[in-house]
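Worksheet for the structure shown next.
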Amino acid sequence: MIVAVVAAASPPISPPYLNSNPGSFGDRKQLLFKLQKCKSIQHAAPIHAHIIKNGNPNDPFILFELIRICSRCCSIEYASKIFRQTPDPNVFLYTAFIEVLVSSGAYFDGIRTYFQMIKYFILPDNYIIPLVLKACGSALDLKSGEQIHCQVMKLGLSSDRFLRVKLMELYGKCGEFNDAKKVFDEMPQRDVVASTVMISCYLDHGLVSKAMDEFRLVSTKDNVCWTAVIDGLVRNGEMNYALELFREMQMAGVKPNEVTVVCVLSACAQLGALELGKWVHSYVEKYNIQVNHIVGSALVNMYSRCGDIDEAASLFEDLKARDVTTYNSMIVGYALNGKSMEAIKIFQRMKHEGVKPTSITFSGVLNACSHGGLVDIGFDIFGSMETEYGIERRIEHYGCMVDLLGRVGRLQEAYDFIQKGNIAPDNIIWGSLLSACRIHKNFELGERVAKILLEYGAADSGTYILLSNVYASRGKFKEAAQVRAKLREEGVQKEPGCSSIEVNNEIHEFLLGDIRHPKREAIYSKLKELNHMLESEDYAPATDVISQDIEEHEKRWALSIHSERLAICYGLISTKPCTTIRVVKNLRVCNDCHSVIKLISKITRRKVVVRDRNRFHHFENGVCSCGDYW
DNA sequence: GTAGGGTTAG
């Protein structure tokens, strides 16, 4: 299909050179030159036909150029055909052919082809070896890689810089840092490329401080080196550190490229740092950084994960380059922000425009159905996944369906859906049903589900808390206490709640009852003022979730110092009236905070946007976009 | 006469 489209779109080929005399040297040179310029095999086919008819079809130089064209347009088939028909391929042809295989991800075929060449006694050189080492690294084929390393020594090629970089990459990818470091240390002069590979090796395996030590030793850091470190820090969850380095990079006068921008946007998205994200966006425009589909997707993702879904949507519309990931970013963004119908519309548009959805598309769109309580649409889409799109339904998709049924209170159906046995349920699926049971106050089923979760032995801290809350809600305080005791006994760590807010391009983090902030006095006096105002509102604190044996007013206080409330108070005292307050929390918002934030939005006339572990809550004038189900 | 390095989004 694609081939046909490309062929149709290609300009008609009317090459005057085809009429020239193929016998003379000049014509052959001209043909080679033309082949070097070809971007696709469609352009080259008539030239190839001409050569077969009039010239020497086994000319190794011509064949070499033909296979290189296949590399440019990822045409394994055409390359294989040429390669198979070549009587005695030389090392150049092997290199070009393996390049086609490796660039298409056929690593093992590339490695096999290389060893076949060795079998035919063709001597490898310092071009083909790095290529095959790259394949070994990508395929995590350490054994073949080591074998090739031995050949490198025997052939006396180990001083080649390119080759060393690929050896390091191989060892790094396979987790053999010592070997990677050994190759690195044996280099007479360290250059920035080798250092970047070494740093990436460490970062790929979470060795942040080793990577940073190495990074600080690099004397001339270029933008790729900076970017590799920033990206690695983001992948290791060190967002603030990554942003700090991004600032440092600019101070050092190194200009970020589009890859840098994508990594920094990812950090902003994860932190919910909208102001900084906007600044990066303006930077992209100011310095003419190309907004390709990757940068476009990263921008859409950043805006939607920072809760500015309108900006994400308008940017999405303006993008010149869109691919499946861009669509996925938009769908997931809408789902996160509770805009279910919009997510479905994008999904339909995707279908209409012939963009093939992926597994992530369906996670997004089914999630949207779940947040919107759109049961019928959700089941239609779920049903179409395999039949219409040929995409395997995975556990996360089943999870969305359980969520969907649970949300609308069809708990027994959700239970039966799990029990049908189409997929082995995990603790996330049971946990979501348990949560639904709690919200719809179906304690009988809730207890049954909770017991399944405990039998599993895979219950995390959240499950224990949920189970304890189910018991507490049924008045079974003894059981609730037992579950909490078991939680402590088994040493299941409860991840501490942490909320952050961005003010003046800085991220401020708060833990439960945090008193570390320099403005703590003003924050707590705002908190007390709000608590006082809440008393005159119709608000009853959900103190029943507090399991400690303390006085009622102490329980109220324990609830009011939840991290998100501290972050909101800081937002209230440090931003202008009417500014939207945006908070990111690592856990789910508790019931009580949810009720309180609704009231805060009403009392203070501020929009409050909270991103919790699962989704966004847009609070405005006493109402939340989630419709009180999350 | 043929060729080559490190960093990108959900």
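What you see is a predicted model, and the numbers here were worked out from it, not measured in a lab. Protein chains get the first letters and strands the later ones, always in sequence-line order, with residue 1 at the start of each.
- Ionic pairing of E169(A) and K166(A) is present here: one or more N-O contacts between side-chain nitrogen and carboxylate oxygen are shorter than 4.0 angstrom.
- Contact annotation for D59(A): no contact, since no heavy-atom pair falls under 4.0 Å across all strands.
- Heavy atoms from other residues, nucleotides or ligands lying under 6.0 Å from CD1 of I428(A) number 12 at most.
- Comparing atom distances between the T95(A) side chain and each of dA9(B), dA3(B), dG6(B) picks out dA3(B) as nearest.
- Contacts with DNA chain B (heavy atom under 4.0 Å) in residues 60-92 of chain A: F61(A), F64(A), R68(A), N90(A), F92(A), listed by number.
- Side-chain contact annotation: N337(A) with S625(A), donor-acceptor N/O pair under 3.5 Å absent.
- Taking only side-chain atoms of D160(A), from C-beta outward, the nucleotide of dA9(B), dG1(B), dG4(B) with the closest atom is dG4(B).
- When distances run from any side-chain atom of V332(A) to the nucleotides dG6(B), dA9(B), dG10(B), the shortest one goes to dG10(B).
- Whole-Å rounding puts the Q270(A) CD to dG10(B) C1' distance at 11 Å.
- Distance I128(A) CD1 to dG5(B) P: 15 Å, rounded to the nearest Å.
- In this structure, M330(A) atom CE and dA9(B) atom P are separated by 19 Å, rounded to whole Å.
- Look at CE on M302(A): it is 15 Å from P on dA9(B), rounded to the nearest Å.
- OP1 or OP2 of dG10(B) sits under 4.0 Å from a side-chain N or O of N301(A).
- For the pair R235(A) CZ and dG10(B) P, the computed distance is 12 Å after rounding to whole Å.
- Of the residues in residues 222-233 of chain A, those placing a heavy atom less than 4.0 Å from an atom of DNA chain B are D222(A), V224(A), C225(A), T227(A), A228(A), D231(A), in numerical order.
- Closest contact between the side chain of R28(A) and the listed nucleotides dG6(B), dG1(B), dG4(B) involves dG1(B).
- Within 6.0 Å of CZ on R394(A) lie no more than 12 heavy atoms contributed by other residues, nucleotides or ligands.
- Using a 4.0 Å heavy-atom distance criterion, V295(A) is classed as making no nucleic acid contact.
- In this structure, T358(A) reaches the bases: a heavy-atom distance under 4.0 Å links it to at least one base atom across the strands shown.
- For the contact set between residues 97-117 of chain A and DNA chain B, defined by any heavy atom under 4.0 Å, there are no members.
- Side-chain N/O atoms of R161(A) include none lying less than 4.0 angstrom from OP1 or OP2 on dG4(B).
- Within 6.0 Å of the CG atom in D318(A), the count of heavy atoms belonging to other residues, nucleotides or ligands exceeds 12.
- Evaluation of the side chain to side chain donor-acceptor pair (under 3.5 Å) test over residues 96-111 of chain A, restricted to residues two or more places apart or in two chains, returns D109(A)-R112(A).
- Heavy atoms of other residues, nucleotides or ligands lying less than 6.0 angstrom from CD of E77(A) number 12 at most.
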Using residues 249-259 of chain A as the side-chain source, report each donor-acceptor pair under 3.5 Å to any protein atom, sequence neighbours left out, with the distance given to one decimal.
{"residue": "Q250(A)", "atom": "NE2", "partner": "F246(A)", "partner atom": "O", "Å": "3.0"}
{"residue": "N257(A)", "atom": "OD1", "partner": "V259(A)", "partner atom": "N", "Å": "3.0"}
{"residue": "N257(A)", "atom": "OD1", "partner": "T260(A)", "partner atom": "N", "Å": "2.9"}
{"residue": "N257(A)", "atom": "OD1", "partner": "T260(A)", "partner atom": "OG1", "Å": "2.7"}

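- With distances taken from any side-chain atom of N257(A) to the nucleotides dG4(B), dG10(B), dT7(B), the minimum falls on dT7(B).
- Among dG5(B), dG4(B), dG10(B), the nucleotide with an atom closest to any side-chain atom of Y127(A) is dG4(B).
- Within 6.0 Å of NZ in K181(A) there are more than 12 heavy atoms belonging to other residues, nucleotides or ligands.
- As judged by a 4.0 angstrom heavy-atom cut-off over every strand, K134(A) is placed among residues making no nucleic acid contact.
- Residue L131(A) is out of contact with every strand shown, counting any heavy-atom pair closer than 4.0 Å.
- dT8(B) atom P lies 18 Å from atom CD of Q290(A), rounded to whole Å.
- Atom C1' of nucleotide dG10(B) and atom CZ of R615(A) are separated by 18 Å, given to the nearest angstrom.
- Using a 4.0 Å heavy-atom distance criterion, D191(A) is classed as a base contact.
- Checking dG6(B), dT8(B), dG4(B) against every side-chain atom of F162(A), the shortest atom distance belongs to dG4(B).
- Between M249(A) atom CE and dT8(B) atom C1' the separation is 13 Å, expressed in whole Å.
- For S329(A) and dG10(B), a side-chain-to-base donor-acceptor distance below 3.5 Å is absent, hydrogens and geometry of angles not being considered.
- Surrounding NZ of K39(A) are at most 12 heavy atoms belonging to other residues, nucleotides or ligands under 6.0 Å away.
- Checking H371(A) against Y334(A) by side-chain atom types alone, no donor-acceptor pair falls below 3.5 Å.
- Annotation: cation-pi geometry satisfied between R393(A) and F382(A) (NZ/CZ under 6.0 angstrom from ring centroid, within 45° of ring axis).
- Residues meeting the side chain to side chain contact (heavy atoms under 4.5 Å, CB included) test with L157(A), sequence neighbours left out: N126(A), I129(A), V152(A), L155(A), L163(A).
- Within a 6.0 Å radius of NZ in K134(A), no more than 12 heavy atoms belonging to other residues, nucleotides or ligands are found.
- At the heavy-atom level, V165(A) lies under 4.0 Å from base atoms of the strands shown.
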